[in-house]
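For reference, the structure discussed in these notes is given below.
The figures here come from the full heavy-atom set of this structure, side chains too, leaving out hydrogens, waters and symmetry mates.
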Amino acid sequence: MPAIVLIGAQWGDEGKGKATDLMGNDVDYVVKFNGGNNAGHTVVIEGEKYALHLLPSGILTPSVVPVIGNGVVIDLEVLFQELDGLDARGVDTSKLLISANAHLIAPYNRTLDKVTERFLGKRKIGTTGRGIGPTYADKMNRVGIRVQDIFDEGILRQKVEAALDFKNQVLAKIYNTRAADVDAVVAELLSYADRLRPMVVDTSLELEKALDEGKNVLLEAGQATLLDVDHGTYPFVTSSSATAGGACTGSGIPPTRVSRVIAILKAYSTRVGEGPFPTELFDDDGEFLRKTGHEYGTTTGRPRRTGWLDAVVGRYATRINGVTDFVVTKLDVLTGLERVPICVAYEIDGERVEEMPVNQSDVHHATPIYEYLDGWWEDISACRTFEELPANAQAYVLRVEELVGARVSAIGVGPGREEIIQRHPLLDA
């Protein structure tokens with residue numbers, strides 16, 4: 001059975017959790033393959049809101065085995081807080097599997113993240129301050145701490161000492177911050193070992209066996225295409241691979257096992273943090289989208305920057321990820337607008353540009369070229385088929401489909417679990 005990749009097509013917060021939940025009863029494994037607790041998925045079930053940060057959203061479906069893959073960085077304190085919170089609400093979390101090769105966020109990584117952002121001042125990236133970037137940097141510098149290391153105190157201590165030989169110099173001499181204590185770091189990480197041990201397996205092998213047995217495996221991205229460290233609006237990106245290619249490296253599943261790539265596209269655009277955003281709005285329309293769409297970060301609570309849908313970004317996501325299906329979310333937020341703009345191209349130095357510019361400075365200076373579609377006023381939250389949508393809402397979806405170059409297979413018409421229209425199956429027969 002092939003695997004399916006689910007990614008965000010914009011700058012994150014598109015509603016990937018809802019799409020995962022939509023397929024939940026037909027999926028056997030849901031794998032988070034990148035990122036950490038610097039992003040969140042919000043799922044609403046029977047009026048109850050579940051905000052997930054580190055855990056795969058499939059954990060809310062009893063039949064699903066949730067997996068944290070090797071490409072994720074894990075804050076153990078956050079992990080167990082999140083598990084305890086779900087347990088208290090009656091959610092069964094006992095099936096969770098965690099890769100032995102996933103890297104751990106050490107206390108000094110969080111400290112470095114915060115002091116570095118303060119040091120950068122106006123040049124800050126806009127990180128969440130949760131230690132994600134420094135942990136991925138440790139991974140690439142080969143001084144990181146992996147999940148498996150906390151089961152051997154000797155190895156753990158050696159790795160912490162090696163990391164802090166340099167980092168404490170940076171903290172004390174550059175940032176004028178108190179150095180981290182080796183014993184305290186080791187003790188904190190070891191305190192989680194007994195509880196963590198039963199969850200830790202070779203997840204790559206587990207997933208390979210599941211696919212061989214005909215199970216459905218969904219690989220779920222954190223963040224999104226324009227935040228990918230290689231293909232996003234660098235340097236205003238996350239520190240991991242949030243695209244379809246990252247699904248393979250972050251899970252240990254080879255690309256030959258992937259049959260479909262589903263991209264989530266919000267019916268308008270948002271982003272959190274710094275960086276270019278060609279369709280960003282600073283007027284009443286931007287505030288309308290923010291308030292109506294409740295655009296505040298699941299993890300940070302920060303107000304999101306808002307703008308109209310950018311089809312240039314959508315086409316780019318299709319190309320970079322090999323998107324086969326789009327899920328358009330939050331179409332209901334656009335209800336009540338007289339006209340609904342879509343950015344179809346950019347103007348850069350007097351020229352029309354229809355593909356994502358290769359130069360970052362061009363993205364910064366791009367002026368959106370809009371096409372305006374007629375709006376609708378009808379409440380669409382009760383619509384369950386495409387034909388039930390108002391004609392103008394249908395026309396909007398069809399135009400988006402044409403512009404981004406892949407079919408729109410599902411449409412979100414409200415925040416609830418059931419408030420969605422499915423036009424085409426998202427799973428292979």
#### Entry: Residue pairs involving residues 270-294 (criterion ring-ring contact (aromatic ring centres under 6.0 Å, His included); sequence neighbours excluded)
Trp11-Phe277
### Task
Would you check, one step at a time, whether the test side chain to side chain donor-acceptor pair (under 3.5 Å) holds for Asp310 with Thr279?
CA-CA 7 Å; Asp310 189 332; Thr279 66; 4.9 Å; no
### Message
Run the side-chain contact (heavy atoms from CB on, under 4.5 Å) test on Leu331 and Tyr396 for me, step by step, so that the C-alpha distance in whole Å, both residues' side-chain angles and the decisive distance to 0.1 Å come before the verdict.
### Response
CA-CA 9 Å; Leu331 185 66; Tyr396 182 81; 3.7 Å; yes
Has the side chain of [X] got a donor or acceptor atom that lies under 3.5 Å from a matching backbone atom of [Y]?
{"X": "Asn34", "Y": "Gly71", "answer": "no"}
{"X": "Glu206", "Y": "Val201", "answer": "no"}
{"X": "Tyr175", "Y": "Thr111", "answer": "no"}
{"X": "Asp379", "Y": "Ser381", "answer": "yes"}
{"X": "Asp283", "Y": "Asp285", "answer": "yes"}
{"X": "Asp228", "Y": "Thr243", "answer": "yes"}
{"X": "Asp138", "Y": "Gly144", "answer": "no"}
{"X": "Asp84", "Y": "Gln81", "answer": "no"}

Mind checking whether [X] and [Y] have side chains closer than 4.5 Å, heavy atoms only?
{"X": "His103", "Y": "Tyr136", "value": "no"}
{"X": "Thr203", "Y": "Val31", "value": "no"}
{"X": "Leu86", "Y": "Leu55", "value": "yes"}
{"X": "Glu82", "Y": "Leu52", "value": "yes"}
{"X": "Val328", "Y": "Leu309", "value": "no"}
{"X": "Ile105", "Y": "Asn37", "value": "yes"}
{"X": "Arg384", "Y": "Glu419", "value": "yes"}
{"X": "Glu378", "Y": "Thr335", "value": "no"}

### Query
Just by distance, with hydrogens left out, do Thr135 and Asn109 show a side-chain donor and acceptor under 3.5 Å apart?
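Looking only at side-chain atoms, Asn109 and Thr135 do form a donor-acceptor pair, the distance falling under 3.5 Å.
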### Message
Testing the 3.5 Å rule here: is there a donor-acceptor pair between the side chains of Asn359 and Ser361?
### Response
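Absent: no donor and acceptor within the cut-off.
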Between [X] and [Y], what is the shortest heavy-atom contact and its length?
{"X": "Ala345", "Y": "Val312", "result": "CA-CG2, 3.7 Å"}
{"X": "Thr318", "Y": "Ala406", "result": "CG2-CB, 4.4 Å"}
{"X": "Trp377", "Y": "Gly336", "result": "NE1-O, 3.7 Å"}
{"X": "Val313", "Y": "Ala9", "result": "CG1-O, 3.4 Å"}

#### Entry: Residue pair Val258, Cys248: steps toward the side-chain contact (heavy atoms from CB on, under 4.5 Å) verdict
CA-CA 9 Å; Val258 175; Cys248 295; 4.2 Å; yes
### Query
Only one of Arg305, Arg290, Lys330 clears side-chain hydrogen bond (donor to acceptor under 3.5 Å, both in side chains) with Glu295; which?
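Output: one option passes, namely Lys330.
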### Query
Where do Glu280 and Arg271 land on the salt bridge (charged side-chain N to carboxylate O under 4.0 Å, His left out) test, with the steps shown first?
CA-CA 9 Å; Glu280 184 170 11; Arg271 80 171 295 175; over 6 Å; no
### Task
State which residues pass salt bridge (charged side-chain N to carboxylate O under 4.0 Å, His left out) with Glu14; sequence neighbours excluded, sorted by chain then number.
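Counting only residues at least two positions away or on another chain, Glu14 forms a salt bridge (charged side-chain N to carboxylate O under 4.0 Å, His left out) with Lys16.
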### Residue list, salt bridge (charged side-chain N to carboxylate O under 4.0 Å, His left out) with Glu347, at least two apart or on another chain
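If we apply the salt bridge (charged side-chain N to carboxylate O under 4.0 Å, His left out) test to Glu347, skipping adjacent residues, there are no hits.
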Residues, nucleotides or ligands: over 12 heavy atoms within 6.0 Å of [X] [atom1]:
{"X": "Asp349", "atom1": "CG", "answer": "no"}
{"X": "Arg142", "atom1": "CZ", "answer": "no"}
{"X": "Phe166", "atom1": "CZ", "answer": "no"}

### Query
side chain to side chain donor-acceptor pair (under 3.5 Å) between Asn168 and Tyr108: does it pass, once the steps are laid out?
CA-CA 9 Å; Asn168 275 341; Tyr108 49 78; over 6 Å; no
Point-to-point distance, once rounded to the nearest 0.5 Å, from [atom1] of [X] to [atom2] of [Y]:
{"X": "Leu265", "Y": "Thr329", "atom1": "CG", "atom2": "OG1", "value": "7.0 Å"}
{"X": "Leu398", "Y": "Leu389", "atom1": "CG", "atom2": "CG", "value": "9.5 Å"}
{"X": "Leu79", "Y": "Ile98", "atom1": "CG", "atom2": "CD1", "value": "5.0 Å"}

### Message
Under the rule for side chain to side chain donor-acceptor pair (under 3.5 Å), what residues qualify as partners of Gln148, not counting sequence neighbours?
### Response
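Gln148 satisfies side chain to side chain donor-acceptor pair (under 3.5 Å) with Asn101 once adjacent residues are dropped.
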### Query
Mind checking what makes side chain to side chain donor-acceptor pair (under 3.5 Å) contact with Glu354, not counting sequence neighbours?
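Only Arg352 meet the side chain to side chain donor-acceptor pair (under 3.5 Å) criterion with Glu354.
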### Task
Report the C-alpha separation of Arg304 and Asp13 in whole Å, then their side-chain angles, then the decisive distance to 0.1 Å, and conclude whether the salt bridge (charged side-chain N to carboxylate O under 4.0 Å, His left out) test is met.
CA-CA 9 Å; Arg304 295 174 184 144; Asp13 309 308; 3.2 Å; yes
### Query
Of Leu96, Val67, Leu97, Val147, which is the lone residue that meets side chain to side chain contact (heavy atoms under 4.5 Å, CB included) with Met199?
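The residue from Leu96, Val67, Leu97, Val147 that satisfies side chain to side chain contact (heavy atoms under 4.5 Å, CB included) with Met199 turns out to be Leu96.
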### Message
Does Asn70 form a side-chain contact (heavy atoms from CB on, under 4.5 Å) with Ser204? I'd like the steps, not just the answer.
### Response
CA-CA 8 Å; Asn70 58 275; Ser204 175; 5.6 Å; no
### Task
May I have all residue pairs that pass side-chain hydrogen bond (donor to acceptor under 3.5 Å, both in side chains) and include part of residues 400-413, sequence neighbours excluded?
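Pairs touching residues 400-413 that pass the test: Asp325-Arg407, Asp325-Ser409, Arg399-Glu402, Glu401-Arg423, Arg407-Ser409.
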